[in-house]
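Keep in mind that the numbers below use all heavy atoms, side chains included, and drop hydrogens, waters and symmetry copies. Here is the naming used below: chain letters follow the sequence lines, and residue numbers restart at 1 for every chain.
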Number of protein chains: 2
Amino acid sequence: MLGEQSVSASCFAENLGHLIELTGAESAALEKLEGRQRQLRRGAILLREKERGNELFILRKGMMMSYVILDDGSRQILRFMFPGDLLGSALIYRDAPETLCALSDAVVAPFERNLLVPIFDEHPRLAALLLVYNNIQRVALTDRLAALGRTSAKARIAALLLELRNRLRRADSSVTNGFALGLTQEEIGDATGLTSVHVNRMLRQLEQEGMIARESGRVTLLDENSLRREANYVNRYEGLDLGWLPSPR
Amino acid sequence: MLGEQSVSASCFAENLGHLIELTGAESAALEKLEGRQRQLRRGAILLREKERGNELFILRKGMMMSYVILDDGSRQILRFMFPGDLLGSALIYRDAPETLCALSDAVVAPFERNLLVPIFDEHPRLAALLLVYNNIQRVALTDRLAALGRTSAKARIAALLLELRNRLRRADSSVTNGFALGLTQEEIGDATGLTSVHVNRMLRQLEQEGMIARESGRVTLLDENSLRREANYVNRYEGLDLGWLPSPR
DNA sequence: CGAGAGATTGACTAGCATCAAATGCTGTGG
DNA sequence: CCACAGCATTTGATGCTAGTCAATCTCTCG
């Protein structure tokens, strides 16, 4: 279903454009990052942990995730990524700290990290926006940290469902309360620090309590308020205040 | 003990200077952020969650933490902060997403966030360095996420001990394997998602296994390799590759 | 010396993991 | 079109890790 959308010249510009109105010159500068394209099949690994690489990627179509595998073989999913998201840590590390993997068929635009230099040199407001974008991610990570450290299995799953719906909607405004989550229960478990067995039981419980409905991979949020209360959830794309940004150049 | 160190004109410049050699102009630009100073007593709250505020802070002396309190009253500590660290999320949010609290007597330099504008406008390399600094934090958070989601209580505590020692040493190179951790067991628990009771048992176990020694608030890492193996720990201030940064201006 | 905070210890419980088996779903080849 | 393989989901039985509750001990500081 994601395959048929029209895709703009720069998904990243469109994403950042949700935060603040970009100038033509700024959009043009961002477009340069998406000159190349690469198709990925569902399950394909774009970059493996500890692999060298100084490319970054903009996700243009589909859904991806990043994860790490620990010594005992268990996996922790760190982030889910949607169209318009910037992927990769080549900005700072020689060797990738996390694996990037496609959850659906996907399209990414790879680019060398030194392509960012002209953005810092010529577009201070975009540079600031990159920092803002990173900070949103950082705060979203702290929310998940609090969820894993201090909330119940049910709360973590409720939070994940809310987060996924919001992120999907951000990338595609036609998304409603019902959506295909595109994750197995094992993946949900690896994101929330649970086993797939327990994920199953908690989903069932949420269903029995009337908070969600499910049918063949699709989930519908029936009672968003209860879910939010259950989950302690905050949408970190709201409540922003970017009044201080430098002027565009 | 932190009280007697000499403090340079800009702690933040000194911190970033560990990443890359700064020019005089760059250091001078950063010094402007630390014009004012404010003393904090141990336990003092600098900024409360959900409070409005468009100031950021540079920590100049002492140790601080950020945390959130969940609906059920439980606390999750998100980060520990040391001299030279930049605190606060006023960069992006109107209302603080986390509480900032002093763990020891401390000194901070508060500054208005729009003081960052000239840095973005005139010092592209510093702007890039801010992004790098943020990314290091983001990756460190993903490490903790993986620890909370997928590792045992003992491993989380081992990881915390290693992290604290490394961060302390970064701020003060005279720190060795023995150090005063300056945290109660309850605080260790709130950082690792455990109860103080269980923290106590795990510390004891690490001690019995000869990995650490303890006496009245001080900890000594006796067997760093075992700890690292136990903890799956990676020092995220190493392995950096900043070769792409814009030229200084 | 007394008060209060933190550390320690023991007994018991609960939430989630583990193990195992059954069921359902999808795509593929005959 | 069916049979089957392979994966995901579902369910039950049981175990273990870490939480809860509560008492005691220690240390510091007025």
Side-chain angles (χ1 to χ4, degrees), chain A residues 41-43 65 70 72-77 101 103-105 146-161 180-209 212-219 230, chain B residues 41-43 65 70 72-77 101 103-105 147-161 180-209 212-219 230-231:
Chain A
R41 296 263 190 75
R42 180 178 196 299
M65 63 177 169
L70 304 193
D72 66 353
S74 64
R75 175 174 69 170
Q76 176 67 48
I77 295 178
C101 174
L103 282 163
S104 67
D105 289 352
L148 293 208
R150 289 299 188 209
T151 76
S152 69
K154 198 160 52 148
R156 293 182 218 173
I157 289 180
L160 180 68
L161 293 177
L181 47 67
L183 297 176
T184 65
Q185 294 180 359
E186 188 170 0
E187 285 161 345
I188 296 175
D190 285 345
T192 53
L194 301 167
T195 58
S196 61
V197 172
H198 207 59
V199 168
N200 185 285
R201 289 193 246 259
M202 294 300 105
L203 282 173
R204 180 155 309 282
Q205 207 174 318
L206 288 172
E207 191 175 28
Q208 276 165 7
E209 291 168 5
I212 65 172
R214 298 182 304 151
E215 5 111 34
S216 67
R218 286 184 64 81
V219 172
E230 181 75 45
Chain B
R41 296 264 190 74
R42 179 178 197 300
M65 64 176 168
L70 304 192
D72 66 353
S74 64
R75 175 174 71 171
Q76 176 67 49
I77 295 178
C101 175
L103 281 162
S104 68
D105 290 350
L148 292 207
R150 290 297 187 211
T151 76
S152 68
K154 197 160 51 148
R156 294 182 217 174
I157 289 180
L160 180 68
L161 293 176
L181 47 69
L183 297 176
T184 64
Q185 293 181 359
E186 187 170 0
E187 286 160 346
I188 295 174
D190 286 345
T192 53
L194 301 166
T195 57
S196 60
V197 173
H198 205 59
V199 168
N200 186 286
R201 288 194 252 258
M202 294 300 105
L203 282 173
R204 180 155 309 280
Q205 206 173 320
L206 288 172
E207 192 175 27
Q208 276 165 5
E209 291 168 4
I212 64 172
R214 299 182 302 152
E215 5 109 36
S216 66
R218 286 186 64 83
V219 172
E230 181 75 45

**Message:** Could you tell me how far apart B/L203 (CG) and C/dG6 (C1') are, to the nearest whole angstrom?
**Reply:** 13 Å

**Message:** Within the 4.5 Å heavy-atom criterion, are A/L103 and A/E187 side-chain neighbours or not?
**Reply:** yes

**Message:** So, does B/N200 get its side chain near the phosphate of C/dT8, meaning an N or O under 4.0 Å from OP1 or OP2?
**Reply:** yes

**Message:** Any base atoms under 4.0 Å from B/S152, or only sugar-phosphate, or nothing? Heavy atoms, all strands.
**Reply:** sugar-phosphate

**Request:** Whole angstrom is fine here: how far is it from CG in A/D72 over to P in D/dT17?
**Result:** 14 Å

**Prompt:** How long is the line joining CZ of B/R201 and P of C/dG10, in whole Å?
**Reply:** 9 Å

**Request:** Round to the nearest Å and state the distance from A/I188 atom CD1 to D/dT10 atom P.
**Result:** 10 Å

**Asked** Picking from D/dA22, C/dC16, D/dT11, which would you name as closest to the side chain of B/V197?
**Response** D/dA22

**Item:** Heavy atoms from other residues, nucleotides or ligands near CZ of A/R214 exceed 12 (cutoff 6.0 Å)
**Value:** yes

**Request:** Could you tell me the separation between the CZ atom of B/R150 and the P atom of D/dT17, rounded to a whole number of Å?
**Result:** 16 Å

**Asked** When we call it a touch if two heavy atoms are under 4.0 Å apart, what does B/G217 touch: a base, just sugar-phosphate, or nothing?
**Response** nothing

**Message:** Under 4.0 Å between a side-chain nitrogen and a carboxylate oxygen: does that hold for A/K154 and A/E209?
**Reply:** yes

**Request:** Remember a base hit wins even if backbone is also touched, and classify A/R204 as base, sugar-phosphate or nothing at under 4.0 Å, heavy atoms.
**Result:** sugar-phosphate

**Prompt:** At under 4.0 Å between heavy atoms, what does B/T184 touch on the DNA or RNA strands: base, sugar-phosphate, or nothing?
**Reply:** sugar-phosphate

**Message:** Classify A/G189 by what it touches in the nucleic acid, base, sugar-phosphate, or nothing, heavy-atom distance under 4.0 Å.
**Reply:** nothing

**Prompt:** How long is the line joining CD of B/Q185 and P of D/dC25, in whole Å?
**Reply:** 18 Å

**Message:** At 4.0 Å (heavy atoms only), tell me whether B/R156 reaches a base, stays on the sugar-phosphate, or touches nothing.
**Reply:** nothing

**Request:** Starting at atom CG of B/L183, determine the distance to atom P of C/dG6, rounded to an integer number of angstrom.
**Result:** 12 Å

**Prompt:** Going by an N to O cut-off under 4.0 Å, is there a salt bridge joining B/R150 and A/D190?
**Reply:** yes

**Message:** Pair A/R75, A/I77 - check side-chain contact (heavy atoms from CB on, under 4.5 Å), show working.
**Reply:** CA-CA 6 Å; A/R75 175 174 69 170; A/I77 295 178; 4.2 Å; yes

**Item:** Length of the line joining B/H198:NE2 and C/dT8:P, which is rounded to integer Å
**Value:** 15 Å

